[in-house]
Amino acid sequence: MEAFLNGADGVAIISCREGECNFGDANMNTYKHVKFLRKLFEHIGISPDRIQQYFCAAAEVEKFVASVEDITKKVQALPPLPKRKLTPN
Amino acid sequence: MVNASKHPNINLLTYSDIINFSGITGEYNVTIRKNTRYVDERKCTGCGLCTTKCPVKVPNEFDRGIGERSAVYIPFPQAVPKLAVIDKEVCINCKNCERACPAEAIAFDQEDEIINIKVGAIIIATGWDEYPIIETNEYKYGIYPDVITQIELERMLSPIGPTGGHVYKISNGKTPQRVAMILCVGSRSLRANPYCSAVCCNVSLKNAQLLKQEYPEMDITIFYIDIRTWDKNNEEYYRNIRAQNVNFVKGKPGDIKLNQDGTMRLYFDMTLEDNVTHMDFDLVVLATGIVPSKGTQKIVDILGLSKGPNGFLSEIHGCLKPVETKDMGIYICGCAAGPKNIPYSVCSALGAASKAATLLSNDILRQELLIAEVDESLCMGCHRCEKTCDFEAINLNENDIAEVDELKCKGCGACVTSCPARAIDLKYYRDIQFEEEIKGICGIEIKLDNTKEEIIN
Amino acid sequence: MDSEGSITWEYLKNVADTLNSYRVRALIDAKDEIINAGRYSEDQYYSILFKMFDEELLKYSLFEFLKTQPIANIEILKEFSQKNSLDIKKVYSLLELLRSENLIKIEEVYDEIEAQGEETPSKLVFRDFKIEVYREDISLVKSIYEPVEIIFDSNICSGCGTCAGVCPVNCLNIYNGFGQIDKDKCIRCGICYYVCPRSYLPVKLMNMYQDNASKIKEYTNIGNFIEVYSARTKVKEISEVCQDGGIASTCLYYLFDNQKIDFALGAKMSNTIWRPEPLLLQNKKDIIQTAGTKYVNNPTLRILNEFNGSNHSVAVVGVPCIMQSLLKSEIYNIGIPSLNNVKYKIGIFCMESFSYQSLLKICEVLKIAINDIKKMDINKGKFFVYTNNGEESSVPIKEISHLAREDCEVCFDLTSESADISVGSIGSPSGWNTVIIRTETGKKLYESLIAKDLIESKPIEEVKPGLPMLQKIAGIKKNGCKKHINEKKEKNLRVPIY
Amino acid sequence: MNCAELREYVEPLPNVVVARTNKFTCSDSGQNIIKNDIIELDLNRIVVAACTPKIHEPTYRAILMEAGLSPYYFQMVNIREHCSFVHQNEREKATEKAKRLLLAGINRARELEIVPRKEISITKSALVIGAGIAGMNAALDLANQGIEVYLVEKEATIGGKMAQLDRIFPTDDCGI
């Protein structure tokens, strides 16, 4: 959420593939949170497309590029989110 | 083998599994389960009398099912340690062996033994398995009896093997006249494994040569994509065999059919002549590739290591750190890290041993504590982190406050996100540090007095 | 998405803060546990979660709003309620939450109205709040949503059973009238704390809800009411078994008869004599089992989960603490399906209740075997017991009140002020019930009883001893409660926050 | 990308005392510049924007230590892989991105803390899992250095796959 608060219009979380996490199954833990956030976004009226998790291994260059392009495309289709206002002093 | 078993500094634990692992570099705690052999190791002399009295006969795994063994058996004549073992899954409990054993070594009431050890370093050499061709039945392996693998041929060629060093057709027991060897089965393939298994070319060449020595009239045809004999003296070896009247065909056979007379017809494209044709053979030998062993997978799970896309263990750096893993005290060598020939396996083993010895030559190791930290004033004692931690590194103390075990924590941060009270932070990777970073990436500058934030973009 | 246009940065900030809320985070992570516990489906889980999220979001927006104000008072709260088109009562309820979470301090400002002769003694009238924010960062506040364990430990658990009835992972139960918690299962979502009548209870607010008022004002000793009657049932089956007037049973009789409810929750005697257990009434035949007063406490709401899910209508008959927790969970709507199903709250008067063990002790005092007791009654300051042989013995309440449940000492409520309709014997002649109509729902129900000719009804003014007696006894309980709470406070024991 | 522009950008940022551009900061001369700056300007945080931390982070941490600063007060920003490599044809955009990354690095640097270290006495023994040709060799090598070795094998016998081989290439020796 910090990213959204500071002006990001979308957040992509790129993690290792299922079952290949360095730390047990932390990537799937993250996935659970992302799934919840997407549901929450829907609930509060924000497009769930703004947050996505992609699974790709470090060597999967094409997949990484495709992931980034995918979220860029999806987020560009959406209006920008409100930005933090300049707080005087 | 004997050296390894007799060395005073080596505690040999055969028939054993690693079942638990914890700790950090320099101080690992490992739990080993010594599976019961149902034979008392101290009493068994390896005389083999019991094996002759056993009424059960099952295919011998060591000889790739070509020969037989009994329920109580010694894997092969030169086995180290030379001790009998009872395969309880097939044993019928007739106790003939117990009566036969002159040393009274048979112990049906033996139980698994759990051993806890403390070590400073770990070397993983869990090796390889043969490409599981029985599952894919490529080239009708498992369907036509005279389609075998190089390892099976290897066993037949062995003087101590099931056939005493003679090669027979499994279907009729006659010596084959025309033998085909197909390379790259299960390797360098889009359908099976993409990688080269590194040794199959040489193994096939060697076996072709051994066959030629034993049966000079035998027709041997090797079907290859490329012959890869890259290591020292190997190219010379290849040239030498090529000169011995062995037939080489560049092209991988596409189909195999059983003829009426029991021979097999291979259809193939002779790529050098642009000619699709076929030939009949008595015996087809498949050079099956190398895959990570099942033990490797188990070790990955228990030790929490990472593996590459093909299932082999990952080193830190393929060129410069080939035997090291992300865990400083754990090293990998041999085929567990990828297909290798024997000299290369030995080199990597010695490399790993050297790395381990370098570590162990220190008395003290300074370990960074990049671990989770609990803010006791915020912790609610909800047990969630305890349940989340994959490494069992967090436990609640008697005051219901979470405590991190410095030795077990790997600093993965899963507990940080699981804590509903936000009481956990990861040292050096704190939420605040990331928040500041995110602000930076989003282009938000922080003014010196820390009271004003300004948008720059 | 079109709705994105209306989102402001401040809103996003509040969403982010809310995501740090202890309760929300506890629920998010415990999804698997909750679904595996089998009580709530995945849809229900999300509806509970988002309901909770909305509630927390509102709470944090109020907090952020208050932070921008130097000193907040009712006017400021009104401004907030208009800005967010919220009911002012909702705002008060959020305020109460913030207070209980120690995020704000509230000082109540009273006007003193001078005495005008003997008739109207001087009294204090509420005028305004002075609200002070004294925490800046929510995330650094240790959550107060501890499980109700602390309530159990401090002996103020009323044994109403609500916590056990809503717990998403079934980690709570009530044994012998007191709560027990399975710490290993507990996910610390704090839902139990939310519904518990003894954790904190916004009494003024509850009266406002009953009254549908938008201003904070003072109420009498028997809380908010519309009308009070004295009544008795005309239904024969009920009058044969009932304690006094049988009105509570008649209400259920009418509701079942006219398909107004699918289920009702009440208490029946268990296999152990004089020991009640919760009962889910399915039709009017079951009413007979529940008639009559039980002097041993009963965790009626423990069985809330038995009608989870679909859109049922449910009536609950119970003592004040049960009614309190129902109204509290109505105010802080947390989306628990079974609580949403409760449509009628029928309250019973209650001075104090006994545990089964203490009832056995009373029998010892009276030298009567518990199995011989036919009926019990409290009347004229005495505890009466009628045996199967027709004998009657009694003991003054004063002599046995030390045997009552400790938690009843901290209860201020005699007349089930949180119910739609309250029923009891105090104030009416023997064989009659005093009926306090508190809400529109209660009023409609009572009118229907009269219309269907199920009861005989007289205005309370026509009977002796009447309303003054009831007010007086209710006052005694309220004063006793104050005294006990102060005593506990002095000993640094935990007390309910009213 | 335009390194001079980057330097001009970060110079006025809060807490930034000195900003330098340098070819091959990882070289000896580059290292010395950092070391001198730490000592002379009394710096307490160092941010290096260069290549991947995978290779040179230890190098820089060592410099910090030599200069008497905790090695954890160091932050590396990878503007090679993240900017110049991937945005070769978009010089200006790459510079813009580098600015953001630098800002992130500087922001993070402010919050850096010293990570405590724990001294562990090393247990002088090793575990070798698998007693095939590799495992046996590793175990023997360690054992010959006087280290106690546990050699664990899941099968009933050691030797692994090599014991199954009749002969081995290219010497045609016996496998066992």
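Convention: sequence-line order gives letters A, B, ...; per-chain numbering from 1.
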**Asked** Can you say whether B:L12 sits under 4.5 Å from chain D via the side chain, the backbone, both, or neither, judging by heavy atoms?
**Response** both
**Item:** Portion of B:E61 that has a non-hydrogen atom of chain D nearer than 4.5 angstrom
**Value:** backbone
**Request:** Tell me, for B:Y344 versus chain D, whether the close heavy atoms (under 4.5 Å) come from the side chain, the backbone, both or neither.
**Result:** neither
**Asked** For B:T229 and B:E235, what are the C-alpha separation, side-chain angles and deciding distance, and is it a side chain to side chain donor-acceptor pair (under 3.5 Å)?
**Response** CA-CA 5 Å; B:T229 51; B:E235 184 70 10; 2.6 Å; yes
**B:Q209 portion near chain D, given a 4.5 angstrom heavy-atom threshold** = side chain
**Request:** Verify whether one side chain among B:Y238 and B:N202 offers a donor that lies under 3.5 Å from an acceptor in the other.
**Result:** no
**Message:** Please classify the contact of B:I117 with chain D as side chain, backbone, both or neither, using a heavy-atom distance under 4.5 Å.
**Reply:** side chain
**Asked** Donor-acceptor pair, B:S293 side chain versus B:T126 backbone, under 3.5 Å?
**Response** yes
**Prompt:** Do side-chain atoms of D:S125 reach the backbone of B:K118 as a donor and acceptor pair under 3.5 angstrom?
**Reply:** yes
**B:D129 (side chain) donor-acceptor with B:K294 (main chain) under 3.5 angstrom** = yes
**Request:** Assess D:R61 against D:F74: is NZ or CZ under 6.0 Å from the centre of the six-membered ring, and within 45 degrees of the ring's axis?
**Result:** no
**Asked** Does D:R100 come within less than 4.0 Å of D:E96, counting only side-chain N to carboxylate O?
**Response** no
**Complete:** Looking only at D:L142, D:I120, D:D141, most heavy-atom pairs under 4.5 Å shared with chain B are made by D:I120
**Message:** At a heavy-atom distance under 4.5 Å, which candidate from D:E153, D:M136, D:E148, D:Q75 has the highest pair count against chain B?
**Reply:** D:E153
**Asked** Side chain, backbone, both or neither: which part of D:E155 has an atom under 4.5 Å from a heavy atom of chain B?
**Response** backbone
**Prompt:** Of the listed residues (D:V128, D:I158, D:N137), which shares the most heavy-atom pairs with chain B below a 4.5 Å separation?
**Reply:** D:I158
**Message:** If I measure from the heavy atoms of chain D, does B:S354 come under 4.5 Å with its side chain, its backbone, both, or neither?
**Reply:** backbone
**Asked** Without hydrogens or angle criteria, can the side chains of B:R37 and B:N35 be said to hold a donor-acceptor pair below 3.5 Å?
**Response** no
**Prompt:** chain D heavy atoms under 4.5 Å from B:R64: which part of the residue, side chain, backbone, both or neither?
**Reply:** side chain
**Best-contacting candidate, D:I114, D:L112, D:I133, against chain B by heavy atom pairs under 4.5 angstrom** = D:L112
**Request:** Against chain D, label B:V85 side chain, backbone, both or neither, depending on which of its atoms sit under 4.5 Å from a heavy atom there.
**Result:** side chain
**Request:** Would you verify whether the NZ or CZ of B:K355 falls within 45 degrees of the ring axis of B:Y331 while also being under 6.0 Å from that six-membered ring's centre?
**Result:** no
**Request:** Go through the side-chain N and O atoms of D:R110 and D:N15 and say whether any donor and acceptor fall under 3.5 Å apart.
**Result:** yes
**Request:** Heavy-atom distances under 4.5 Å only: say whether B:I74 touches chain D with side chain, backbone, both or neither.
**Result:** neither
**Request:** Check the angle between the aromatic planes of D:F169 and B:Y237 and answer parallel, tilted or perpendicular using the 30° and 60° thresholds.
**Result:** tilted
**Fill in**
So, the part of B:K232 with a heavy atom under 4.5 Å from chain D: the answer is backbone
**Item:** Part of B:A79 lying under 4.5 Å from any heavy atom of chain D
**Value:** both
**Asked** Considering only heavy atoms, which portion of B:L365 lies under 4.5 Å from any heavy atom of chain D: side chain, backbone, both, or neither?
**Response** both
**D:H87 side chain to D:K97 side chain, donor-acceptor N/O pair below 3.5 angstrom** = yes
**Item:** Residue, of B:S345, B:S16, B:G334, that accumulates the most heavy atom pairs under 4.5 Å with chain D
**Value:** B:S16
**Message:** Can you tell me which portion of B:L210 sits under 4.5 Å from chain D's heavy atoms? Options are side chain, backbone, both or neither.
**Reply:** side chain
**Heavy-atom pair count under 4.5 Å with chain B, highest-scoring of D:G159, D:A143, D:A131, D:G130** = D:A143
**Prompt:** So what's closer than 4.5 Å to chain D heavy atoms on B:I122: side chain, backbone, both or neither?
**Reply:** both
